[in-house]
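What follows is a set of notes on a single structure, which appears directly below.
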Amino acid sequence: MRKTGVEIRIDRDRCMGSGNCVFWAPDTFSLDDDGQSAVISNAVADLDKIMLAVQGCPVQAISVMSAGDGLTVQPL
Ligand code: SF4
């Protein structure tokens with residue numbers, strides 16, 4: 001299991017509240033009162049689960065950045 005500190009962003013203009021990200025990474029994502037995804041933890045995260053969430057988002061609304069090495073992961 002890889003763990004890392006990351007910055008995760010949700011494009012709320014794209015998010016349509018499917019909940020896929022919450023399914024794959026429930027320690028990182030939650031649906032808010034508007035039914036859209038919200039990041040509940042950036043501090044220490046399971047990057048493998050987060051990447052499943054990125055790949056599983058049907059509207060490519062999740063971006064992941066690592067402040068330490070400048071790595072940027074965006075949806076395909
Ligand atoms: S998987 Fe994508 S569309 Fe679905 S709730 Fe998460 S960010 Fe929104």
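Whatever order the structure lists ligands and atoms in, that order sets their numbers, starting from 1. Because the structure is a prediction, the values reported are computed rather than measured.
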| request: Identify the heavy atoms of F29 and S37 that sit nearest to each other, and give their distance. | output: CD2-OG, 3.5 Å
| query | Do any of the N, O or S atoms of S18 sit under 2.8 Å from atom 4 (Fe) of ligand 1? | reply | yes
| query | Distance-only, no hydrogens or angles: does the D34 side chain make a donor-acceptor pair with backbone N or O of Q36 under 3.5 Å? | reply | no
| Among T28, V39, I10, whose side-chain contact (heavy atoms from CB on, under 4.5 Å) with I62 holds? | I10
| task | Grab the two heavy atoms, one from M65 and one from R9, that are nearest each other, plus how far apart they are. | result | CE-CD, 3.6 Å
| said: Any carboxylate oxygen within less than 4.0 angstrom of a Lys/Arg side-chain nitrogen, looking at D27 and K49? | reply: no
| Quick one: nearest non-hydrogen protein atom to atom 5 (S) of ligand 1, plus distance? | G19 N, 3.3 Å
| note | Ranked by distance from atom 6 (Fe) of ligand 1, the top protein heavy atom is C21 SG, 2.3 Å
| query | In terms of residue, atom name and distance, what is the protein heavy atom nearest to atom 8 (Fe) of ligand 1? | reply | C15 SG, 2.3 Å
| request: Starting from atom 2 (Fe) of ligand 1, find the nearest protein heavy-atom neighbour and note its residue, name and distance. | output: C57 SG, 2.3 Å
| note | ligand 1 atoms nearer than 4.0 angstrom to some heavy atom of V59 are 3 (S)
